[in-house]
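Chain naming here is simple, since letters A, B, ... match the order of the sequence lines and numbering starts at 1 in each. Below, each value reflects all heavy atoms present in this structure, side chains not excepted, and no hydrogens, waters or symmetry copies.
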There are 2 protein chains.
Amino acid sequence: MKNDIQGKDVKLKILNAAKTLFAQKGYEGTTVRQICDEAGVALALVSYHFGGKENVFYALFETYAPSFLQKAYDLADPVADLQSLIREFARFRLAEPELINLLQQEVMMQSPRLEKVQHIVYALWLQLRAILEAGKRQGRFEYESLRHTVHFVVGTLIFTRNSPFLDPVLQSKEDLPVKEEQEDVIRYTISYILNGLKCNTP
Amino acid sequence: MKNDIQGKDVKLKILNAAKTLFAQKGYEGTTVRQICDEAGVALALVSYHFGGKENVFYALFETYAPSFLQKAYDLADPVADLQSLIREFARFRLAEPELINLLQQEVMMQSPRLEKVQHIVYALWLQLRAILEAGKRQGRFEYESLRHTVHFVVGTLIFTRNSPFLDPVLQSKEDLPVKEEQEDVIRYTISYILNGLKCNTP
DNA sequence: GTCTATAGATGGATAGAC
DNA sequence: GTCTATCCATCTATAGAC
């Protein structure tokens with residue numbers, strides 16, 4: 001019993017270290033040694049607990065994104081659905097920015113690991129597509145190309161994060177927000193996207 | 001003289017191979033052997049011509065993005081400026097999607113290589129920021145947070161590309177555009193972004 | 001379950017023939 | 001300038017002590 005608890009603890013330490021390092025240096029750019037050093041455990045424990053580096057990657061998503069976007073939308077009110085989807089995605093992004101970062105990398109380079117993880121993101125995009133279609137059909141959204149519009153919205157959703165890269169450029173005039181975050185960011189995002197879709201709604 | 005020409009040819013073959021592979025598998029995920037195989041040249045030639053893998057990376061940007069976004073905007077007409085910036089960026093993205101992909105990866109993971117390349121993207125974002133500020137001051141754009149709005153626009157611009165990943169999801173109803181592309185995509189992008197900024201303009 | 005030590009594979013870079 | 005063959009560092013994974 002005590003062993004189990006110790007094991008869980010080590011597994012979690014490895015997962016947390018891997019989450020940070022994968023997001024920061026990419027999957028290939030991260031070594032098992034770095035993960036174990038960061039986690040403060042011995043090199044062998046990645047293989048022992050997960051069966052190899054690649055399984056740490058998969059375990060990351062099973063651990064931190066287990067119930068990601070299971071919500072189903074009935075499309076009766078596409079505007080409300082879209083707002084809900086944006087809110088749900090933004091909350092997850094704010095809670096697990098490293099995971100979004102990592103996912104974005106993998107998506108962008110069409111990594112072979114993506115196959116076992118793509119259902120997470122496919123589900124989201126299919127729902128987004130359905131919402132956009134329904135909204136256009138009902139005259140709530142205006143756009144020309146569904147395909148490109150999905151790209152626009154996904155781009156808006158994914159790229160919005162605490163980017164330590166953009167910040168040196170952007171923080172000269174605006175102070176760092178401390179606690180406004182979360183709900184405000186969500187509000188900004190909803191506003192930008194709905195406007196982008198010419199959605200005539202408060 | 002003939003040697004020079006041959007050298008140039010090999011250098012270009014290496015650069016083209018590296019551009020594709022880096023974009024597809026990331027910098028760390030790509031090996032010098034893969035690059036040389038893809039280019040059809042011997043392994044040693046990367047070191048001979050470029051002095052190592054890392055310098056191939058830098059040469060990529062010096063070769064394919066030499067005059068990227070040198071245009072300066074006077075901010076007299078922020079709407080026109082923004083349209084111009086979007087158009088310029090979109091054209092580059094359509095011409096060199098791999099480079100944008102690679103740049104996005106590096107930006108996302110804050111890679112150590114970014115330092116020598118970031119001026120390319122800093123320039124763009126500073127100009128974008130200035131345009132957004134000027135546009136708000138002149139009552140042409142509406143948004144709450146400058147910082148987040150820059151993120152939104154950059155996300156829209158960067159993520160929009162021929163994503164081989166999203167396509168299987170998105171192509172069921174819409175046929176693959178063949179020649180409409182280019183100017184139409186630019187039109188869609190401008191429309192989405194200007195609407196996102198509540199810009200009241202045709 | 002956790003550690004150290006090491007095996008085995010593969011990475012980037014170079015020596016030297018042509 | 002280009003090639004083949006090789007060096008050496010580092011990677012992942014595992015064997016075996018505790």
Side-chain angles (χ1 to χ4, degrees), chain A residues 1-60 63 102 105-106 109 111-113 116, chain B residues 1-60 63 102 105-106 109 111-114 116-117:
Chain A
M1 213 46 162
K2 185 157 177 294
N3 283 345
D4 271 348
I5 292 169
Q6 287 180 343
K8 292 272 180 190
D9 186 48
V10 167
K11 285 180 83 166
L12 244 167
K13 282 198 287 188
I14 290 173
L15 284 171
N16 278 320
K19 186 169 66 169
T20 306
L21 287 166
F22 282 159
Q24 205 164 82
K25 306 158 73 71
Y27 175 82
E28 309 273 6
T30 302
T31 71
V32 176
R33 269 173 237 274
Q34 289 172 323
I35 294 172
C36 291
D37 285 354
E38 177 77 20
V41 300
L43 173 65
L45 293 186
V46 158
S47 284
Y48 179 80
H49 282 294
F50 296 93
K53 177 182 176 181
E54 193 164 344
N55 289 116
V56 175
F57 177 86
Y58 299 128
L60 229 43
T63 306
L102 178 54
Q105 291 177 37
E106 299 285 313
M109 56 179 77
S111 91
R113 294 168 293 285
K116 295 187 185 170
Chain B
M1 213 46 164
K2 186 154 177 293
N3 282 344
D4 272 350
I5 291 168
Q6 288 179 342
K8 293 272 179 191
D9 186 49
V10 167
K11 285 180 83 166
L12 243 167
K13 283 199 286 188
I14 290 174
L15 284 172
N16 278 320
K19 185 169 66 169
T20 305
L21 288 167
F22 282 160
Q24 207 166 81
K25 307 158 73 70
Y27 176 81
E28 309 273 6
T30 302
T31 71
V32 175
R33 283 180 170 82
Q34 289 172 323
I35 294 173
C36 291
D37 284 354
E38 178 78 20
V41 300
L43 174 64
L45 293 185
V46 158
S47 284
Y48 179 80
H49 283 294
F50 296 93
K53 178 183 177 181
E54 192 164 344
N55 289 117
V56 175
F57 177 87
Y58 299 128
L60 229 43
T63 306
L102 179 55
Q105 292 176 36
E106 299 285 313
M109 56 180 79
S111 92
R113 294 168 292 285
L114 202 57
K116 293 187 185 169
V117 175

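- Nearest heavy atom pair, residue Leu15(B) against residue Val56(B), reads CD2-O, 3.9 Å.
- For Leu12(B) and dT2(D), the CG to C1' distance is 17 Å, given to the nearest whole Å.
- The separation between Ile14(B) atom CD1 and dC3(D) atom C1' is 13 Å, rounded to whole Å.
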N/O to N/O distances under 3.5 Å, protein versus nucleotides 13-17 of chain C:
from	atom 1	to	atom 2	distance (Å)
dA13(C)	OP2	Lys53(B)	N	2.9

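- A salt bridge (Lys or Arg N to Asp or Glu O under 4.0 Å) check over residues 20-43 of chain A, counting only residues at least two apart or in different chains, returns the pairs Glu28(A)-Arg113(A).
- Screening residues 45-56 of chain A for salt bridge (Lys or Arg N to Asp or Glu O under 4.0 Å) gives no qualifying pairs among residues at least two apart or on separate chains.
- If you take CG of Leu21(B) and P of dG11(C), they are 13 Å apart, rounded to a whole angstrom.
- The interatomic distance linking Asn55(A) (CG) with dT14(D) (P) rounds to 11 Å, in whole Å.
- Counting to the nearest Å, the P atom of dG1(C) and the CG atom of Asp9(A) are 12 Å from each other.
- In this structure, CZ of Phe50(A) is placed 16 Å from C1' of dA13(D), rounded to the nearest angstrom.
- Rounded to an integer number of Å, the gap from Glu28(A) CD to dG12(C) C1' is 15 Å.
- Here the side chains of Lys13(A) and Asn16(A) are not in contact, with every heavy-atom distance at 4.5 Å or above.
- A pairwise comparison of heavy atoms in Ala17(A) and Ile35(A) identifies CB-O, 3.5 Å as the closest pair.
- Rounded to a whole Å, the NZ atom of Lys13(A) is 14 Å from the P atom of dG1(C).
- Annotation for Val10(A) and Leu45(A): closest pair CG1-CD1, 3.9 Å, computed over non-hydrogen atoms.
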